[in-house]
There are 2 protein chains.
Amino acid sequence: MTAPNGRTPMSQQKSKSRHHGSCGPIPKAVVSRLSLYLRELQHLVREGHETTSSSQLGKVLGFSDAQVRKDLAYFGQFGYPGIGYRCAELIDAIKRILGTHRQWPVIIVGVGNLGRALLGYKGFQQQGFRIVAAFDVDARKIGRRIEGVEIFDLARLPEIAEQHNIKLGIIAVPASAAQTTAEKMVAAGLVGILNFAPVTISVPPNVSLVGVDLAIQLEQLTFSVINRLAET
Amino acid sequence: MTAPNGRTPMSQQKSKSRHHGSCGPIPKAVVSRLSLYLRELQHLVREGHETTSSSQLGKVLGFSDAQVRKDLAYFGQFGYPGIGYRCAELIDAIKRILGTHRQWPVIIVGVGNLGRALLGYKGFQQQGFRIVAAFDVDARKIGRRIEGVEIFDLARLPEIAEQHNIKLGIIAVPASAAQTTAEKMVAAGLVGILNFAPVTISVPPNVSLVGVDLAIQLEQLTFSVINRLAET
DNA sequence: TAGATTGTTAATCGATTAACAATC
DNA sequence: TAGATTGTTAATCGATTAACAATC
């Protein structure tokens with residue numbers, strides 16, 4: 001809780017009065033780097049580091065030191081001139097910014113290959129997420145438990161979502177069912193959806209959507225590979 | 001093979017002589033949108049559309065029509081003024097650009113929860129990827145087959161990679177093993193790595209790396225959700 | 001003190017958008 | 001022809017980088 005010199009970061013009064021340095025909405029790219037900083041900071045702590053610097057973080061992640069400082073400055077003053085950043089303190093700050101300092105209950109719809117893998121994925125818990133229920137339409141799966149998580153009939157989504165005050169949901173159904181699944185999630189009061197189905201879905205403007213298409217990631221790789229070969 | 005009017009796109013001579021309109025390297029963001037265009041075009045074809053337009057593609061995907069045209073113009077002239085783009089033709093062109101018009105053999109290292117799901121993921125095959133071998137260090141898994149793919153001892157990676165002329169590999173091992181896995185892949189001649197381990201890994205400059213961190217995707221969602229609530 | 005490193009400003013760079021002649 | 005839509009240029013917008021006074 002105490003900084004290296006026994007005080008709080010820089011001019012604390014100022015830091016607290018203004019919520020963040022720049023105005024306007026935070027660029028999406030900044031937020032995605034924030035998650036990378038967090039992950040790297042947690043790694044550094046496991047390796048025994050007490051403090052780090054913008055140049056160290058930048059070097060590992062492939063960003064410039066200026067960019068690291070600028071990104072963090074959107075949200076406040078977290079560093080100590082001449083010293084750097086205190087890892088534990090910055091982890092705490094970034095978690096607060098991302099909203100993962102508290103635990104989020106999450107539900108998942110679709111218990112196929114991918115859904116099962118996500119149910120068992122340890123990384124979610126480690127970052128503050130807990131899958132509290134799974135849903136499917138296949139009668140043979142309903143009632144079973146996987147990784148300690150019960151599989152419910154999709155029809156019970158509204159009921160269970162309300163019961164646990166669920167805000168976040170993961171779509172792991174086939175592409176053909178993704179849009180209707182999203183609509184059911186929205187109807188059940190969810191406001192954030194992580195979509196693994198390889199299809200574009202649309203949600204109301206008050207709902208956040210993040211899409212992850214695994215095949216697209218491989219496509220990005222092939223493009224980069226063939227163009228690298230072409231250069232040399 | 002023939003365009004709507006029986007001819008090839010616009011001034012074909014020009015289109016063929018210059019490889020792409022703008023100079024310098026292609027922005028990464030453009031390439032990732034290219035994959036989204038491809039996915040949407042394939043969807044449109046399944047729905048029976050023959051042609052589409054930059055404004056239709058843009059509307060569905062949330063981009064401006066100008067951006068769609070600009071992105072495509074990096075690589076050549078694919079459209080017909082007054083008509084739009086012929087879906088089948090544009091699909092073909094984008095696949096060629098991304099390098100997925102031919103099939104890529106892929107290997108995967110790590111047959112845990114996530115690795116097994118990826119082995120069974122149909123989306124890879126559909127986009128031109130084929131997982132030809134899996135690797136693990138767990139003796140109980142070695143020799144087994146999952147989804148028709150044999151699991152080999154990781155020690156045999158160089159041998160099998162050479163045999164199948166493998167360029168692409170997927171890392172699905174725990175974070176602690178990711179860096180050494182990457183190094184073994186590079187030593188085995190792979191030049192593109194898709195990393196699902198939640199850790200930053202480093203590879204030589206002649207190797208391409210794409211990282212997917214599932215927990216980070218959820219973090220992006222929580223940020224967006226809490227800041228949306230804050231606005232209103 | 002000298003050395004290290006921050007937060008922040010101004011300058012640079014790149015990406016998106018608007019507009020429009022050319023085309024079908 | 002009139003309407004639709006492209007490819008491309010110029011203008012706008014936003015994001016990254018370089019530089020540096022302030023700080024420890």
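Chain naming here is simple, since letters A, B, ... match the order of the sequence lines and numbering starts at 1 in each. Atoms considered below: every heavy atom in the structure, side chains included; atoms not considered: hydrogens, waters and symmetry mates.
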Give every pair of a protein N or O atom and an N or O atom of nucleotides 16-18 of chain C that lie under 3.5 Å apart, one pair per line with the distance.
{"residue": "C:dT16", "atom": "OP1", "partner": "B:Arg33", "partner atom": "NH1", "Å": "3.1"}
{"residue": "C:dT16", "atom": "OP2", "partner": "B:Arg33", "partner atom": "NH2", "Å": "3.1"}
{"residue": "C:dT16", "atom": "OP2", "partner": "B:Gln67", "partner atom": "NE2", "Å": "3.3"}
{"residue": "C:dT16", "atom": "O5'", "partner": "B:Gln67", "partner atom": "NE2", "Å": "2.9"}
{"residue": "C:dT17", "atom": "OP2", "partner": "B:Ser64", "partner atom": "OG", "Å": "3.0"}

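In this structure, A:Tyr80 places its OH atom 17 Å from C1' of D:dA22, rounding to the nearest Å. The interatomic distance linking B:Phe78 (CZ) with C:dT23 (P) rounds to 19 Å, in whole Å. What separates CZ of A:Phe75 from C1' of C:dT8 is a distance of 16 Å, to the nearest Å. Regarding B:Arg86, its CZ atom lies at a distance of 15 Å from the C1' atom of C:dC24, rounded to whole Å. Computed from coordinates, the A:Lys28 NZ to C:dA15 C1' distance equals 15 Å when rounded to whole Å.
For D:dT23, the paired nucleotide is C:dA4, the pair qualifying as Watson-Crick or G-U wobble because both relevant distances are below 3.5 Å. D:dT9 is paired with C:dA18 under the Watson-Crick or G-U wobble criterion, all donor-acceptor distances under 3.5 Å.
Across all their heavy atoms, A:Ala182 and A:Ile201 have their closest contact at CB-CD1, 3.8 Å.
The closest side-chain donor-acceptor pair between B:Thr100 and A:Glu219, if any, does not fall under 3.5 angstrom. Using a 3.5 Å distance cut-off with no hydrogens or angles, the side chains of A:Thr51 and A:Arg86 do not pair a donor with an acceptor. Side-chain atoms of A:Tyr37 and A:Asp71 form a donor-acceptor pair, as typed in the model, at a separation below 3.5 Å.
Take the nearest nucleotide of DNA chain D for A:Gly82 and for B:Ser55: the residue whose nucleotide is more 5' is B:Ser55.
OP1 or OP2 of D:dT6 has at least one side-chain nitrogen or oxygen of B:Ser54 nearer than 4.0 Å. Between B:Gln77 and the phosphate of C:dT23, there is no side-chain N or O to OP1/OP2 separation shorter than 4.0 Å. In this structure, A:Tyr85 does not reach the D:dC24 phosphate: none of its side-chain N or O atoms is under 4.0 Å from OP1 or OP2.
Because its NZ or CZ atom is not both nearer than 6.0 Å to the ring centre of B:Phe124 and within 45° of the ring axis, B:Arg130 does not count as a cation-pi partner of that residue.
Without hydrogens or angle criteria, B:Arg39 side chain to A:Ile216 main chain gives no donor-acceptor distance under 3.5 Å. Using a distance-only test at 3.5 Å, with no hydrogens or angles considered, a donor-acceptor pair links the side chain of A:Thr222 to the main chain of B:Leu98.
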